[in-house]
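No hydrogens, no waters, no symmetry mates; every other heavy atom, side chains included, goes into these values.
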Amino acid sequence: MKIFISHSSKDKKFVRHLKDCLLENTIETWVDEDQLDFGDSLVNKLENAIEETSHLVIILSPASIESDWVIFELKKALENQRTGLIQKIIPIKYRECKIPDELSDLLYADLSNEVVLPTDNNRVKFISNGFDNFFLNLVRAIKNSAKIITQDEKKEIIKSIKSSEKEIEKHSNLIHRGNYELVGYATLEGRTKHQNVILKSNRQFENIDDIRPILLPLSLKKIFNPKIGEKIDIEHELPFPTYGHFAGYRMDDLKITIDKRTRNGADIYARHFYQVEIDPEKNLIKFVNMIK
C-alpha cells in the first residue's frame with residue numbers, strides 16, 4: 001500500500017505534515033521532493049510513481065487546481081482507476097477553492113476552515129480541532145479500501161489493455177512522421193494577415209488576439225487538411241498541450257510557421273529542425289525531438 005500525494009509546491013508545508021502523520025501509521029507515501037533527483041525525467045517519474053501506488057490523495061487549493069502538473073497527475077490517476085491499477089482517489093480541500101469537475105462526484109475532506117501555524121521545520125501545525133477527526137477518517141478510508149491486486153487480477157487488466165492493441169496499431173499507421181523546420185512570423189503584419197484570414201472564414205472568434213495562426217508545408221495537404229480556423233493541438237515534452245489555429249499552407253515544403261505564444265506554451269524554438277508526428281484524426285502536431 002502506497003499513497004501518491006498530488007499537490008502544489010505552495011502547499012508543501014501541509015503536505016510534509018500529512019506525510020509524517022501517515023508514516024507514523026505505517027502508510028507509505030510518494031512525495032516528489034523525496035523521490036526526484038537532478039536529471040530525472042519528471043514525466044516518466046510521475047507516471048511510474050502513479051502506476052506503483054494504490055491510492056492518490058489530491059490536495060485542493062487555489063494553487064493546485066491551476067497547476068498543470070497536478071492536472072496531469074489527476075488525469076493519469078483517473079486512467080489507472082478505470083483499469084483497476086489504482087484503488088481510490090481521495091480529495092482533500094486544504095484551502096477554499098473550486099472543486100475540479102473530474103472530482104465533483106467524490107466526497108472530499110474539507111480542511112479549508114481549519115487554523116494552522118507554521119513550525120520551525122517547514123511544516124504546519126493545526127491549532128483547531130478538525131484535523132484529528134479528518135485524519136482518523138482518512139486512515140480508515142485508506143486501510144479499508146486497500147487490497148493487494150492478485151496475479152490473476154493483473155492478468156485480466158493486462159489482457160483488457162492488450163485487447164485494444166490492434167486498434168492502437170491501426171491508428172498509429174495513420175500518423176505522419178517527418179523532419180520540419182519550425183519558424184515564426186517575420187513581422188507583426190505577416191501574423192495579422194493570417195489572423196484576418198481566419199477571422200473572415202470563422203466567426204467564432206470575437207477578438208483577433210485570440211487567434212494563433214499556424215501555417216503548414218504544402219506537402220502535407222494530401223494527408224492533413226483542416227478547415228481554416230480549426231484548432232490544432234501542439235505537444236512537445238510537457239504533458240499538457242497548447243494550441244494554434246490552422247491558417248493555410250506555405251510554399252516551402254519543410255517549414256511549419258507557429259505563433260510565438262504557442263511556441264512558448266509548448267517550449268519549442270523557432271529556427272530549429274524537429275522530428276514531428278502529425279495525427280490528422282486528433283488534429284495534433286507533436287514535436288518529438290529537436291534535431292541538432
Side-chain angles (χ1 to χ4, degrees), residues 43-44 46-47 50-51 68 71-83 85 101-102 157-184 194-195 197-205 210-259 261-268 272-291:
V43 173
N44 290 341
L46 291 175
E47 287 183 335
I50 294 171
E51 288 177 359
D68 288 324
I71 293 170
F72 168 71
E73 290 160 3
L74 175 59
K75 179 181 177 182
K76 185 66 178 178
L78 288 168
E79 291 174 359
N80 286 357
Q81 188 179 41
R82 283 191 288 270
T83 62
L85 291 176
D101 292 340
E102 297 89 341
I157 292 170
I158 294 170
K159 182 180 178 181
S160 175
I161 294 172
K162 285 187 175 182
S163 67
S164 62
E165 282 186 347
K166 290 184 178 179
E167 287 300 316
I168 294 172
E169 183 177 354
K170 179 181 176 182
H171 175 73
S172 67
N173 291 332
L174 301 175
I175 296 176
H176 168 79
R177 296 172 176 86
N179 298 334
Y180 296 93
E181 183 181 3
L182 175 62
V183 296
H194 294 290
Q195 286 175 314
V197 168
I198 293 175
L199 196 61
K200 290 177 181 178
S201 301
N202 197 321
R203 295 298 179 181
Q204 66 171 316
F205 299 100
D210 295 333
I211 300 172
R212 303 180 177 189
I214 293 177
L215 296 175
L216 298 177
L218 184 61
S219 60
L220 292 176
K221 188 172 183 178
K222 290 184 179 180
I223 59 172
F224 190 34
N225 190 17
K227 296 178 181 179
I228 296 294
E230 194 167 348
K231 180 182 175 184
I232 299 175
D233 286 328
I234 305 294
E235 287 186 1
H236 183 34
E237 294 179 342
L238 300 179
F240 27 88
T242 185
Y243 65 91
H245 304 98
F246 180 66
Y249 299 96
R250 46 183 297 145
M251 298 308 295
D252 37 17
D253 279 351
L254 294 178
K255 293 184 180 180
I256 298 175
T257 309
I258 293 184
D259 182 277
R261 293 166 295 177
T262 302
R263 299 199 310 270
N264 289 343
D267 195 28
I268 50 180
H272 287 83
F273 280 86
Y274 285 87
Q275 294 175 346
V276 175
E277 293 182 354
I278 298 175
D279 187 336
E281 287 192 350
K282 295 183 178 180
N283 265 22
L284 171 66
I285 300 177
K286 185 174 183 179
F287 289 79
V288 181
N289 290 306
M290 183 188 292
I291 301 172

Give the minimum heavy-atom separation between I214 and G244, together with the two atoms involved. CD1-CA, 3.5 Å
Scanning both residues in full, the closest heavy-atom pair of E235 with P241 reads CG-CB, 3.6 Å
I'd like to check the ring-ring contact (aromatic ring centres under 6.0 Å, His included) partners of H245; sequence neighbours left out, ordered by chain and number. F205, Y243
For the CZ atom of F246 and the CG atom of L215, what is their distance to the nearest 0.5 Å? 8.0 Å
Given side chain to side chain contact (heavy atoms under 4.5 Å, CB included), test N283 with F224 step by step and report yes or no. CA-CA 8 Å; N283 265 22; F224 190 34; 3.5 Å; yes
Measuring from N179:CG to Y274:OH, what's the distance to the nearest 0.5 Å? 12.5 Å
Give the intermediate values and the outcome of side chain to side chain contact (heavy atoms under 4.5 Å, CB included) for residues I278 and I223. CA-CA 9 Å; I278 298 175; I223 59 172; 5.8 Å; no
Decide side chain to side chain contact (heavy atoms under 4.5 Å, CB included) for I234 and I268; before the verdict, give the C-alpha distance in whole Å, the side-chain angles of both, and the deciding distance to 0.1 Å. CA-CA 10 Å; I234 305 294; I268 50 180; 4.2 Å; yes
Could you tell me whether a side-chain N or O of E277 sits under 3.5 Å from a main-chain N or O of K286, the two making a donor and an acceptor? no
What distance separates I198 CD1 from Q204 CD, expressed to the nearest 0.5 Å? 9.5 Å
Sequence neighbours left out, what passes side-chain hydrogen bond (donor to acceptor under 3.5 Å, both in side chains) with E102? Give chain and number order. none
Please walk me through it: do V276 and I285 pass side chain to side chain contact (heavy atoms under 4.5 Å, CB included)? CA-CA 7 Å; V276 175; I285 300 177; 3.7 Å; yes
I need the Q275 CD to M290 CE distance, nearest 0.5 Å. 11.5 Å
Measure across H236 and V288 and return the closest heavy-atom pair with its distance rounded to 0.1 Å. CE1-O, 4.1 Å
Distance in Å, H194 NE2 paired with T257 OG1, rounded so as to fall on 0.5 Å steps: 7.5 Å
Closest contact, heavy atoms only, R263 versus I258: NH1-O, 2.7 Å
Between the OG1 atom in T262 and the CD1 atom in I232, the distance rounded to the nearest 0.5 Å is 10.0 Å
